*Asks:* 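I have a structure here, written as structure tokens, and I will follow up with some questions on it.
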Number of protein chains: 2
Amino acid sequence: MARAATTSDAFNAVAEPRRRDILSYLATEERSVTEIVDLMEIEQPSVSKHLKVLKGVGLVEARREGRQMLYKTNPIAIRPLHEWTRTFERLWRHQLLRIKEQAEANNAQK
Amino acid sequence: MARAATTSDAFNAVAEPRRRDILSYLATEERSVTEIVDLMEIEQPSVSKHLKVLKGVGLVEARREGRQMLYKTNPIAIRPLHEWTRTFERLWRHQLLRIKEQAEANNAQK
DNA sequence: TTGACATATTCCTATATGAGAATATATTGA
DNA sequence: TCAATATATTCTCATATAGGAATATGTCAA
């Protein structure tokens, strides 16, 4: 079997760095494809393809306005990723605490 | 160009669902490869390969004990993913609030 | 040293990718 | 209808994957 499709879920879709960039660009405001192309340094067809993937998993929404397509991030679709990472939060906090305690112990010793 | 390597960063490594399962299994306790194999329903070589990817990006740590290799999740390596998703948190909260307000407005109307 | 157990690696294959190039489709205004 | 603008799709290619099968490596105990 090959790797899961980029469109299989949000995890796969955001694995591509360009797509994360796009999500950030579109987080607070709608933008046309051309605007995204100008912001990033990749060709228009690539941007359209990335947008298609993001739309396929619900990470962006699109709306036509005249000749333009206006895209914006659908932040709620990022929530499942956040929730998954959050299940580890308690653990890394604990880890950081131990690192800090260790450092203080070393300090006290000298 | 092809897709970025699974080992290129944590985002790519956790795109594979099996690897997320493994990270959860190893979150709170060390386990041997065989234990992971028994828990999941995939072959031992596949588990070893997934572990190699996870180790490559620092998501797990390994330690030998006799014939066994004991793996555990390194939770701190998940933090960058959490931080990235967190940049959208304010936005989806706002989105949820608007949905709620809309529902209440509809309720009051009838 | 040998056998048994535990894990890792190699080889294979079907499949999907991301970028670039070229082209197609959609929308508007004249 | 036609030209111009905006976006999407198709094609090609080099590359990497995940799993299965087979095998290699590592470690211990006798």
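Chain A is the first sequence line, chain B the second, and so forth, proteins listed ahead of strands; every chain is numbered from 1. Keep in mind that this is a model prediction, so the values were computed, not measured.
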*Asks:* Thinking salt bridges, do B/Arg31 and B/Glu29 make one under a 4.0 Å N-O criterion?
*Replies:* yes
*Asks:* For A/Gln68 and D/dA8, what is the distance between atoms CD and C1' respectively, to the nearest whole Å?
*Replies:* 15 Å
*Asks:* Classify every nucleotide of nucleotides 11-21 of chain C by which part a protein heavy atom approaches to under 4.0 Å, writing B for the base, S for the sugar-phosphate alone and - for neither, in 5'-to-3' order.
*Replies:* ----BSBBBB-
*Asks:* Looking at every non-hydrogen atom in both residues, tell me the closest pair between B/Leu51 and B/Val33 and how far apart they are.
*Replies:* CD1-CG2, 3.9 Å
*Asks:* Between A/Ser8 and A/Ala5, what is the shortest heavy-atom contact and its length?
*Replies:* OG-O, 2.6 Å
*Asks:* May I have the distance from B/Lys52 (atom NZ) to D/dA16 (atom P), rounded to whole angstrom?
*Replies:* 14 Å
*Asks:* Between B/Glu83 and B/Arg79, is a side-chain contact (heavy atoms from CB on, under 4.5 Å) present by the stated rule, with each step listed?
*Replies:* CA-CA 6 Å; B/Glu83 292 303 317; B/Arg79 206 183 179 195; 4.2 Å; yes
*Asks:* Report, one pair per line, the protein and nucleotides 24-30 of chain C atoms (nitrogen or oxygen only) whose separation is under 3.5 Å.
*Replies:*
from, atom 1, to, atom 2, distance (Å)
C/dT28, O2, A/Arg67, NH2, 3.3

*Asks:* Sequence neighbours excluded and cut-off under 3.5 Å, please list the side-chain donor-acceptor pairs for residues 15-28 of chain B, or say none.
*Replies:*
from, atom 1, to, atom 2, distance (Å)
B/Glu16, OE2, B/Arg18, N, 3.3
B/Arg19, NE, B/Ala13, O, 2.7
B/Arg19, NH1, B/His50, ND1, 3.1
B/Arg20, NH1, B/Val14, O, 2.7
B/Arg20, NH1, B/Ala15, O, 3.3
B/Ser24, OG, B/Arg20, O, 3.3

*Asks:* At less than 4.0 Å, is any side-chain N or O atom of B/Tyr71 found next to OP1 or OP2 of C/dA8? Yes or no.
*Replies:* yes
*Asks:* Rounded to whole angstroms, how far apart are CD on B/Glu41 and C1' on D/dG20?
*Replies:* 16 Å
*Asks:* Between A/Lys55 and A/Ala62, what is the shortest heavy-atom contact and its length?
*Replies:* CE-CB, 4.1 Å
*Asks:* Got a second to check how far B/Ser48's OG is from B/Ile42's CD1, nearest 0.5 Å?
*Replies:* 10.0 Å
*Asks:* Taking the side chain as C-beta and beyond, is there a heavy-atom pair between A/Trp84 and B/Ile78 under 4.5 Å?
*Replies:* yes
*Asks:* Rounded to the nearest Å, what distance is computed from the CG atom of residue B/Leu70 to the C1' atom of nucleotide D/dT27?
*Replies:* 14 Å
